[in-house]
Amino acid sequence: MRRRSLLLAAVPAGLVTLSACGDNKSASSKASASPTPSVSTAPPPKIVEGPLPAITAGTKFGEKPTVAKGTGEPSKNLAVKTVIAGSGRTVAENDFIQANYLGQIWDTAKVFDNSYDRKSPLVMQLAQGSIIDGWRYALTGKKTGSRIQIAVPPTWGYGTSGNAQAGIKGTDTLVFVIDLIGSFNSKSSAHGKAVAQTDAALPKVATDTDGNVPKVTIPKTAPPKKLVSEYVLEGDGAELKADQAVLCQFQGLVWDSGKTFERTYGSGRLAQFSLQQMQQTVKGLALGLTGKKIGSRVLIVVPPELGYGNTPPSGGVINKGSTLVFTVDILAAM
């Protein structure tokens with residue numbers, strides 16, 4: 001089982017469940033995280049430069065850091081320091097961020113969580129209720145490619161209840177080193193290399209990467225009988241694995257009518273879903289994404305037996321036996 005980060009307050013907003021498709025409005029679902037910090041009602045913190053303990057090893061961006069124990073009393077405010085200044089995109093609140101991090105307790109230097117050992121950066125939304133507030137306030141306005149060190153008092157961490165599972169008391173100040181790898185918002189697109197679309201029997205998908213809805217032109221012919229999964233833009237990231245979740249932009253259309261039944265492009269949000277869970281809803285979409293590279297735009301044509309078959313969502317544009325057409329911009333694996 002993939003270990004969840006202790007930082008998460010809940011599955012980030014933006015989860016799209018295709019079982020509820022029927023119009024262009026995204027459906028959402030939340031699942032409990034373990035542990036689950038309460039949504040903070042504390043006022044915004046005063047941000048100060050220190051004190052912060054020294055990083056004694058692993059000082060380069062992307063390296064697992066070693067951090068000394070805190071000396072003296074930590075600040076009652078939120079201490080934030082840019083250790084390495086990046087030159088990438090500026091992160092805004094409610095963006096999804098991709099980051100490696102290490103967290104430890106000020107008084108003991110006990111490491112309670114880190115993503116470096118898992119070799120899997122965390123992807124989460126920088127939003128209230130999705131992440132502890134110390135991260136939300138500290139990282140907003142920072143640039144990707146930066147290493148940020150922060151010290152988070154209980155008020156903007158786990159509160160007076162602490163986190164027993166992680167060994168965090170309600171009085172503990174937490175120290176984090178965070179390597180900001182990337183960020184994504186509702187205008188993000190894939191940025192892979194365009195792949196020639198030469199099969200006249202398949203839909204043609206636009207290759208614009210401005211975050212707007214890519215135009216899909218469906219041929220006025222019979223749809224393919226088998227699952228189709230083709231690159232439109234081929235990225236250079238790792239291949240998606242069947243046990244991962246994906247953060248993406250997508251749209252779904254019905255082959256026969258060309259009508260859109262679901263999309264995130266232009267909706268002000270992104271989608272995220274588990275490929276394993278998607279196997280139970282639209283199996284062809286999960287199969288079509290598995291093995292595809294992060295950073296790609298993919299065309300997926302799903303025959304009825306791998307879609308909704310004879311039990312489509314009620315009240316929508318999908319009929320019994322409909323072939324479905326998806327375009328998916330794979331932004332990150334989760």
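Values below: every heavy atom of this structure, side chains too, minus hydrogens, waters and symmetry copies.
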message: Please determine whether residues L174 and L180 belong to a single hydrophobic cluster, defined as Ile, Leu, Val, Met, Phe, Trp and Tyr linked transitively by side-chain heavy-atom distances below 4.5 Å.
response: yes
task: Evaluate the criterion salt bridge (Lys or Arg N to Asp or Glu O under 4.0 Å) for residue pair E49 and K81; output intermediate values, then yes/no.
output: CA-CA 6 Å; E49 294 182 354; K81 178 182 179 182; over 6 Å; no
query: So, the side chain of S115 versus the backbone of Y101: is there a donor-acceptor pair under 3.5 Å, distance only?
result: yes
- request: Decide side chain to side chain contact (heavy atoms under 4.5 Å, CB included) for Q98 and F184; before the verdict, give the C-alpha distance in whole Å, the side-chain angles of both, and the deciding distance to 0.1 Å.
  value: CA-CA 8 Å; Q98 183 179 42; F184 311 96; 4.2 Å; yes
query: Going hydrophobic residue to hydrophobic residue with side-chain gaps under 4.5 angstrom, can you get from V152 over to V91?
result: yes
task: Answer yes or no: is there a donor N or O on one side and an acceptor on the other, between the side chain of D329 and the main chain of A190, under 3.5 Å?
output: yes
statement: Residues passing the side-chain hydrogen bond (donor to acceptor under 3.5 Å, both in side chains) test with Y137, sequence neighbours excluded, are none
- prompt: Donor-acceptor pair, Q149 side chain versus P53 backbone, under 3.5 Å?
  reply: yes
Shortest non-hydrogen separation from P51 to A79 and the atoms involved: O-CB, 3.9 Å
Any donor-acceptor N/O pair, N319 side chain to S322 backbone, under 3.5 Å: no
message: Count I, L, V, M, F, W, Y as connected when their side-chain heavy atoms are under 4.5 Å apart, and connections chain through other members. Are V246 and L287 then in the same cluster?
response: yes
query: Backbone N or O of S186 within a donor-acceptor pair of the Q249 side chain at under 3.5 Å?
result: yes
message: Set out, in order, the CA-CA distance, both residues' side-chain angles and the distance that settles side chain to side chain contact (heavy atoms under 4.5 Å, CB included) for R263 and V213, then state yes or no.
response: CA-CA 8 Å; R263 76 182 183 205; V213 186; 4.1 Å; yes
message: Between S296 (side chain only) and E234 (backbone N and O only), is there a donor and an acceptor less than 3.5 Å apart?
response: no
- prompt: Does one hydrophobic cluster hold both L126 and V177, with members joined at side-chain heavy-atom distances below 4.5 Å?
  reply: no
query: When you look at NZ of K283, are more than 12 heavy atoms from neighbouring residues, nucleotides or ligands closer to it than 6.0 Å?
result: no
- prompt: Would you call D107-K69 a salt bridge at under 4.0 Å N-O?
  reply: no
query: Would K143 and T90 satisfy side chain to side chain donor-acceptor pair (under 3.5 Å), going step by step from the backbone distance to the final call?
result: CA-CA 4 Å; K143 291 183 179 293; T90 299; 3.1 Å; yes
field: Backbone of K110 reached by a side-chain donor or acceptor of T108 within 3.5 Å
entry: yes
- request: Check whether any side-chain N or O of Q125 sits under 3.5 Å from a backbone N or O of N94 as a donor-acceptor pair, and report yes or no.
  value: yes
query: For E239 and K292, what are the C-alpha separation, side-chain angles and deciding distance, and is it a salt bridge (Lys or Arg N to Asp or Glu O under 4.0 Å)?
result: CA-CA 5 Å; E239 294 180 352; K292 288 296 187 281; over 6 Å; no
query: Does the pair F273 and L285 meet the rule for a side chain to side chain contact (heavy atoms under 4.5 Å, CB included), with working shown?
result: CA-CA 11 Å; F273 50 81; L285 180 57; 4.1 Å; yes
query: For the hydrophobic clusters of this structure (ILVMFWY residues joined by side-chain heavy atoms under 4.5 Å, transitively), does one cluster hold both I84 and I55?
result: yes
statement: Only one of V301, L253, I318, L306 passes side-chain contact (heavy atoms from CB on, under 4.5 Å) with L324, and that residue is I318
task: Would you confirm whether S146, through its side chain, and A85, through its main-chain N or O, come within 3.5 Å as a donor-acceptor pair?
output: no
field: Main-chain N/O of I132 paired with R136 side-chain donor or acceptor, under 3.5 Å
entry: no
- prompt: Do the non-hydrogen side-chain atoms of I178 and W135 ever get within less than 4.5 Å of each other?
  reply: yes
task: Decide yes or no on side chain to side chain donor-acceptor pair (under 3.5 Å) for S183 and R89, but give the supporting numbers first.
output: CA-CA 7 Å; S183 69; R89 183 177 174 272; 2.5 Å; yes
message: Could you go through Q251 and T327, starting from their C-alpha distance and side-chain angles, then the distance that decides it, and tell me whether this counts as side chain to side chain donor-acceptor pair (under 3.5 Å)?
response: CA-CA 6 Å; Q251 63 180 321; T327 70; 3.1 Å; yes
query: Parallel, tilted or perpendicular: which fits the ring planes of F261 and F326, with parallel below 30° and perpendicular above 60°?
result: perpendicular
E230: salt bridge (charged side-chain N to carboxylate O under 4.0 Å, His left out) partners, not counting sequence neighbours: none
- request: Please lay out, stage by stage, how L299 and V325 fare under the test side chain to side chain contact (heavy atoms under 4.5 Å, CB included).
  value: CA-CA 7 Å; L299 165 70; V325 179; 3.8 Å; yes
query: Knowing that exactly one of I131, L247, D95 qualifies, which makes a side-chain contact (heavy atoms from CB on, under 4.5 Å) with M124?
result: I131
Residues, nucleotides or ligands: over 12 heavy atoms within 6.0 Å of D236 CG: no
- request: Give the minimum heavy-atom separation between R297 and V205, together with the two atoms involved.
  value: CD-CG1, 4.0 Å
